[in-house]
Every structure is written in C-alpha cells, then in structure tokens.
Amino acid sequence: MALNSIHWFRKGLRLHDNPALREAVQGAATVRCVYFLDPWFAGSSNVGVNRWRFLLQCLEDLDANLRKLNSRLFVIRGQPANVFPRLFKEWKISRLTFEYDSEPFGKERDAAIKKLAMEAGVEVIVKISHTLYDLDKIIELNGGQPPLTYKRFQTLISRLDPPEMPVEMLTDTLMGRCVTPVSEDHGDKYGVPSLEELGFDTEGLPSAVWPGGETEALTRIERHLERKAWVANFERPRMNANSLLASPTGLSPYLRFGCLSCRLFYFKLTDLYRKVKKNSSPPLSLYGQLLWREFFYTAATNNPRFDKMEGNPICVRIPWDKNPEALAKWAEAKTGFPWIDAIMTQLRQEGWIHHLARHAVACFLTRGDLWISWEEGMKVFEELLLDADWSVNAGSWMWLSCSSFFQQFFHCYCPVGFGRRTDPNGDFIRRYLPVLRGFPAKFIYDPWNAPESVQAAAKCIIGVHYPKPMVHHAEASRLNIERMKQIYQQLSRYRGLGTRSENINLYGEEKPQSGKRVREGRLSERAVGLVEEDKGPRHEHNQRWCLSPRGRVGWKVSFKGGCGGRAGH
Amino acid sequence: MKRGRTGLKSQCQIFPSLGERAKRPKWMTPAQDWGNLPHHVVLQIFQHLSLVDRARASSVCRRWNDVFHTPDLWRRFEFELNQPATSYLRSTHPDLIQQIIKKHAQHLQYVSFKVDSCTESAEAACDILSQLVNCTIKTLGLISTARPSFMDVSQAHFVSALTVVFVNSKSLSSIRIDDTPVDDPSLKVLVANNSDTLKLLKMSSCPHVSPAGILCVADQCHGLRELALNYHLLSDELLLALSSEKHVHLEHLRIDVVSENPGQTHFHTIKRSSWEALIRHSPKVNIVMYFFLYEEEFEPFFCEETPVTHLYFGRAVSKMMLGRIGLNCPRLVELVVCANGIEPLDEELIRIAERCKSLTAIGLGECEVTCSGFVEFVKMCGGRLTQLSIMEEVLIPDSSYNMEQIHSEVSKHLGRMWFPDMMPTW
C-alpha cells in the first residue's frame, strides 16, 4: 500500500534542518506539506499587521521553495483538530510528521492530534528541531525542575552533549520517488492568502523592514557571520546609536518562526569561532542569544500558567496597578518621554527593537515608572514584536519586571538618562518622532525642560504638539523601589541589596516567626531563584515553604450578622 | 480539615466539656471528638491557618467559633482595601471589617492598611481608622501598594482619622505614614500622647510636614530609634535633638533626596559638626540615603565627611561625586549606583575600596569599569564583600582579562563562586 504522508508546518517554516519533514518524505509515495490558518484568527487575535505579513511571507517562501521540488504548500483554513480527520481520509494518509512544540498548549494540542491520528491508523513522527536540546533532558538533569537562573542553566548545558547536528536541506535527491499531487485549482483551495484577504487595510503600509522567509534567513545568517568575523575576536560589541536600528544581519524573528534553524546557527557560529580562534573551545557566551531563548523555553515547557501572575508558581505576586489609560499611552507612544515613545514607535512600525530598548520600555511600564502589570506589556509585545513567542515573551517580561528569576530590583533604567547615554545626539529620537526633530541634543530627551524659546524654535510646544511627561520619574521610581523592597522583604531570607539596613519590619520589633506564617502569596525562595547557587548537580534548594497552589478565588464564607456559620451566635 | 462522621454541631452543644464524656455513645472514641479539643490546642492550630481557612473553621461549631474570636488571634491584622477596577488583588471582606471593628478593635495591636491606587480605598482606610477608638495599637502602617492614594484623600479627613488613633492608642511604638498628607499639627498630637513609647517613625514624602514639625517629634520622643524622612526636613537642629543626652541611641536614619526637575530645588547643607554629634551619640547608627537627583544637583553633598552607611543612587551620579564619596564616607557599608556613564570608574572604585573599610555590598548598573580595575577593587575588599551585584555590561574586557576569565578571578578573591548579573539578550 502506498505510503502517503502529511508534514504539518507550525513553526519550523523551513526546508533546511527539518528532520520531521525528512521523515515525511522517506519512503513515501506522496507528501503534502500543510499549514493551518484559523480563519477567524486574524481578526480577533492579538497579532498585528507586521507579524501577519511576516508569517505570510514565510509561507510564500516555503511555497516557492517547494515548487522547486515540484511540490507545493497547502494552506488550510480551519482548526487542525477539525480538519485532520477529513484529510486523513481524503488523502489516504498513513503518516503524519511535525516538529516538536515544547510550549504547554502546543503539547496539549499535539496530544489531541496524536490521538486522532492513532484512531485513523496514522503513524505520527515528531522530531525536535526548534530548540538546541531536548528540554526534558535539561529538566531531568536538574532534578525534575527547570533551572530558574541563567547561571544554573549554563552549568547544566555545559554538562550535556552538544546539540545534534542540523540535517540536510530537502533536495530532489532526498525526495526521491516522493511526489506531491497538485490540483489545477491549488491556488484557490490551498494558496497562501494575502494580507487583504485576511482583512487588513494595506494602503500606505510601508514595506517590511524585516522580510519573512527561509531564503531571507539564510542570506542573513551568512551576512551575520561575516560581520561577526569582522568584529575582532568576537568581543561583545559596544552599544551605540546604530545598534538601535534594525540590522540586515538581525536573526531573531527568523529563529522564532523557524525560518532559520537554531542548530544551524549554533554550528555555524562554532565553526567560525574555531576558524578565527584557531580551534579553541568556544565559550557559552558566544551563543548568548540562542541560550536565552532556550532558557525560557525550558522554564515554560511544563508550566501552562507561565504567562500569568496568578497561579504561576514561579511568579512573585506584585500589587500592580490597573490603569488602562496609562497603559494605552505607553502602548501608543504617548508617554511624553521621547526615549520611550521612539522605541514604542519603532516597535509598532517595524516589529523589532533592540534588547536594551526592550529593557527600557519594560522597566518603564512595570517596576520603573507606571507600576502596571507585566502581563499587559507582554500582550502588547505579542501583538507587535516579530520575535515574541509565548515562552520567550512571557519569560522576558517576568524577568524585566523582577517578577521572577532576577532578584536585583535596584537597577532601574532612567527614561531620560539611559537613552541619552546610548545615543547622545538623539538621532534615534528624531528618526521615529519627527515632531521633535527641531530640538537640540541637549533637550531632546527631556524636552519639557527646554525653555519656551527653544520649544518655539523647534516648532513643538510640549503639551500641545507633543505630550507632557506622564509621570514624575524621580518620584515614581522612589515609590516603586519602596514597593519592590516591601515585596521582597516579605519573601523569607531575602538579604539582597536595599533591604539589609532595615532590621525592623512592618510589625515593629517583632520578626516573623519562621515557618509559621502561612500568608497567601508566599513563594518558595527557590521559586524566584533567590538562593540558587551552584551547589551541586541536583539540589538547588530544599523547599521550605509550600507554594500557594490554592489560587483562592474568593470569599465563600459569609460574615452576615455576627460570626456566621452553622452554630449561630 | 477533617470532620467527624456524626454531626459535630450536635455533639458540641450536648457535650460542652470533657467531664461529660460518659454520655457519649460507645462507638465514638475520644479521637473523633473534634469539638472537644482543648481551647489552647484549637488556638494553636488556628494560628497556623490562613485567615480564610480560619474563618471557614469558625463556622463548624460554637467552640471553634469562640476560639476564632480569641483576642490573641486578633492582635495583628492587615486590612487590604482594593477596588476591582484598579487592582488585581482581593479586598478584605467588608463584613469581616465590620466584625473586627465591633468585636476586636480593643484587641488590635499591630495594624496595617494596604490600599491600591483608588482614592476610595484610601478613604475606606481612613474610615476604619476613625472607628478605632478604645484600642491600644502599638504598630500602625499606612501603605499604598501602587499610586499614593492617601495623598488624594482630603487632608482634613485624613488628619482627623489619624489623630483618632494617635489620641486613643497612647502607646504607639511604630508608625509608617509615608506618602500621606500628615501635617505638623497631627505630629504634635502624636507627640502629646505617645512620646514615651514611640520608637519608629517612617514618613518619607510627606509634603505637608515642615522641619519644625519633625523637630518637635525628635525633641519630645526620646525613645525614637528609627526615623525616615525627606531631605528637606533634615536640619542641624534635628540631628542635635536626636543626639541629646536624654535621647536613646538612634539605630536607623533614612533620608530620601528627591528632585523633579534640575535646578528646581535648592538643597541646604548639614554642618559637619551636626553629623559628628549624631555619631558620637549613636556610634552604630545606620544612615541610609536614597538619591533621585539630576547629576548637576549633587553639589551640596559629600563635600565634607558624611557618616552615611547605605547609599543608593536611583539616577545617574557623576564620576566626580563617586570620587568624593570615596574621600568622605568612611562608614560606607553598601553602595548602589544605577547609572553613571561611559567613563571607567576604576579610580573611584579603588579609592572606595581603600577608604571605606566597612564596605560589604556594592551594586553597579549602567557604568563602566575595566576588568583589571574591577579585579583590583575586589582584591582590596576581599571576603568582606558579601554582596557584589554587577551588571554584565558594566565590565569592560581589557588586555588582562576577558569576560570568561573575570568570573573565576573574582571568585578566587571573594572566596566563593561569583558571576555578574545578566539580563536577557534576546
């Protein structure tokens, strides 16, 4: 009986280093590569036009590359769980392949599909190629828990075997006898939709700064490596004004969608290093970008509530403010702080900002100035940022808001000073906020301090043509540092900076009785990485407290008329 | 929480004491008689339960309900006042609040109010405060968990609520009223009623208080051991009052120096002699200073020897200022610098290592230090540095050390494993 297979693209939108795709083709008579687009997804989802465009470009590129192999991409409208049974029958499928998705909802979805496939007698083959390592092995090596500090993660990584080599690109030879039946009306039925078809108004939409697709990704990686070799000795590049701009060698969106294989990147970096440094062993810091991504994937894979504060065992409960107005100002680049607004403008226009720019705006929204929940910031990034996937986005936001992983909350990014130190001339501001072009470098980061004459000369009156600053940074940061301190002081055994001088706690002279306070919201020290040191292979810390898993939903006890309860009063 | 198989309610009512055990049916063993647990046992168990669980337990039977209302369980309470529109957190149930005011006001000793950014929440806190007559409160904390909503309450309302507690408690020992509209007259009331017992007063960012107001507190409250205030309230007279013979040793003085716009605020200087008097009187005092200033506003500070122990710079601080600190802050224990710039701070750090012999903690962000300079610094401080929190970007590799070598070198000198702090580079 002929073996007909389906390869299911989700991420991993590439033909190179795609072991699952190779399995689909191996010994098969026919192969069809599918991608599912939920028809209602575009309209209601929290995904902006840049991300849709990038995705569609990836799909176009896949389709174009598959055509070279006499195949096509099948874009299917609908939900996988609904459509697969029909496809299994219609195409007489006996094998389904896809790349492993480590995210909790991905795992759930895939388990359901596996079940469907089994019922239909379809063999399922899953391969890991979106991450460098098998994340479950990392967790196993750490005693069943994901590492919660980057240092610990690096230690574990250094003990693993190196990542598996990337597999070859799919070629005619590899396809062998395998063909793809393509109908005349393939374009109508299974073609890649356009942005307009998905409901976007593309009039006046500037061209993509980050064009999607595997072809672009592979070009970029070559450029990236060339540039790296130029940078003497792989030194950490000094941050300057140019770093803030989108680079033709930037790779993060391509890694996220899987247009570029992380393993390919890893090995190319390793090869280049060995060539330039004459065969010495590369340090872990060489792979920084990849390892951070891996770190967050590992932290998230077994935690369905990774993107929430409530009920998330690794997230500190911080009494964030609910303030939709303030949030909107931040999201729409109307904070009155040019540094913040320029970054948010770049983000919305282009879909990518430098990682230090992310730190600046994340700090401003959360623990620095506005004291708004990181979950809100995460949602905005999800909409606008090309390389934001669930694990990395949520993890980064928790990190930057000091809600997890990172305990040094004292370090605050100043929305005026930080930008000024990075780009003293203010070119970045002028580029993305043309209304401020007329301001001299001296005042461009805090234009509200410019004398009226300067504002008039710049043809921009603060409060009229550009908003006044929405907070008093000094006062806000003073307040927020106090808040963070209060919260961290309540986490037992925290003895970090900023709290050491205070020996009298909230209740006057009485210190909390150790072990007896069962306050809601108490976290294990281990949970926020407070006491994680490199003590040894398996034991990070003995958990002393119970995590508060109950996630109280509210008062069920009535206090009406006296003490309540059955016994009466 | 287990329940006996039979209706405990009936058991409790029929068998209120151990002496009646004989009447119990044979199949019921003492172990099942939850309702007859001694009072102190139930009390101890309750002390381990969260408030919600305790409240649920209290509905089981009259005995447990009685235990729930034992005064000992109501010495300490934190009122949480939040509105769903402004906070993700729950509020203390209004019925519970009513109960506490009715039944337990006189038991309350350690009380705090946590309010969100809604004015309503702060007003609710004031309303509760106004009803706490007949209490012997020792500790009071008014805490805004987000925006300082107490500042939005009418000053009259706030002050009258606060003075209810000040007047009625008469044994207040610890008060936290940062970011509130407290004023001089209310401080006078505080002093008039609690001067013997007051030990801790935290009132950073209370704009309606004047230097004279706080001086009154220092003059009368000779037991004051901890004080937190803003720099504009600090005066030579205040330091001298805190150093008078009648005054106990001061343990902790926290000073916030905040400026909104450069050049707007003029900062007075404190005489060296006033500082010296304080240190003579209280040699072990911790002096904590938090600075949120523009770089050019630091002129008046650290020109002479200043006995500060914990220094925090929330915004940028200049190289020159860090140099002055090395020269003039011999008692320095902890130093945190949020930002400096792109000139290496090697010299300044080394001088601090030389002259600040008590330094045990340092945090650096957004600065630059060469790796060699940093190693030198660590060598000089040695094992006394228990907290070394340096952002990775701060360290500049040079000919002697690169990033890989720096951590082992520093670890060697510290006598423990050390890494710089990292931020995601994704």
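When heavy atoms are compared at a cutoff of 4.5 Å, A/H354 does not approach chain B at all. Proximity to chain B is limited to the side chain of A/D446, based on heavy atoms less than 4.5 angstrom apart. Contacts of A/R358 with chain B are made by side-chain atoms alone, with heavy-atom separations under 4.5 Å and no backbone atom involved. For B/Q44, no part lies near chain A; criterion is any non-hydrogen pair under 4.5 Å. Only the backbone of B/N340 comes within less than 4.5 Å of a heavy atom of chain A; no side-chain atom from C-beta onward does. When heavy atoms are compared at a cutoff of 4.5 Å, A/I481 approaches chain B solely by way of its side chain, counted from C-beta outward. Neither the backbone nor the side chain of A/L290 comes within contact range of chain B; no heavy atom of the residue lies under 4.5 Å from a heavy atom of that chain. For a residue to count as touching a neighbouring chain, one of its non-hydrogen atoms must lie under 4.5 Å from one of that chain's; by this rule B/P94 does not touch chain A. Neither the backbone nor the side chain of B/D116 comes within contact range of chain A; no heavy atom of the residue lies under 4.5 Å from a heavy atom of that chain.
For the pair A/E475 and B/S205, the tightest heavy-atom approach, listed with the atom from each and the gap, is OE2-OG, 3.3 Å. The two residues B/Y294 and A/N449 have their closest heavy-atom pair at OH-ND2, 3.7 Å. Among all heavy-atom pairs drawn from A/A474 and B/S259, the shortest one is CB-O, 3.3 Å.
Heavy-atom pairs under 4.5 Å with chain B were tallied for A/R420, A/Q289, A/H472; the largest tally goes to A/H472. Among B/C118, B/P84, B/A316, the residue with the largest count of heavy-atom pairs under 4.5 Å with chain A is B/P84. For chain B, the option among A/W320, A/W448, A/F418, A/Y413 with the highest count of heavy-atom pairs below 4.5 Å is A/F418.
Judged by distance alone, with hydrogens and angles left aside, the side-chain atoms of A/K322 form no donor-acceptor pair with the main-chain N or O of B/Y88 at under 3.5 Å. Of the possible donor and acceptor atoms, none in the side chain of B/R147 sits under 3.5 Å from a partner among the backbone N and O of A/D321. Of the possible polar contacts, none joining the B/R315 side chain to the A/C414 backbone as a donor-acceptor pair under 3.5 Å is found. In terms of modelled atom types and a separation under 3.5 Å, the side chain of A/W371 and the main chain of B/T145 share a donor-acceptor contact.
If you take CZ on A/R483 and CD1 on B/I143, they are separated by 9.0 Å, rounding to the nearest 0.5 Å. Rounding to the nearest 0.5 Å places OG1 of B/T425 at 6.0 Å from OH of A/Y150. The structure places CD of B/E366 at 9.5 Å from SG of A/C412, a figure rounded to the nearest 0.5 Å. From A/F410, atom CZ reaches atom OH of B/Y312 across 7.5 Å, with rounding to the nearest 0.5 Å. To the nearest 0.5 Å, atom CD of residue B/E393 and atom NE2 of residue A/H359 are 7.5 Å apart. Note: B/M423 CE to A/L400 CG = 5.0 Å, rounded to the nearest 0.5 Å.
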If you apply the rule side chain to side chain contact (heavy atoms under 4.5 Å, CB included), what do you find for B/M422 with A/T149, and how did you get there? CA-CA 10 Å; B/M422 310 195 69; A/T149 62; over 6 Å; no
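Proximity of B/P148 to A/L479: side-chain heavy atoms (C-beta onward) are separated by under 4.5 Å at one or more points.
For A/Y297, the ring-ring contact (aromatic ring centres under 6.0 Å, His included) partners two or more places apart in sequence, or in a different chain, are A/H130.
Salt-bridge check for B/D179 with A/R478: passed, with a basic side-chain N closer than 4.0 Å to an acidic carboxylate O. A salt bridge links A/E482 and B/R254; the closest N-O separation between the charged side-chain nitrogens and carboxylate oxygens is under 4.0 Å.
Atom NE2 of B/H104 has more than 12 heavy atoms from other residues, nucleotides or ligands within 6.0 Å.
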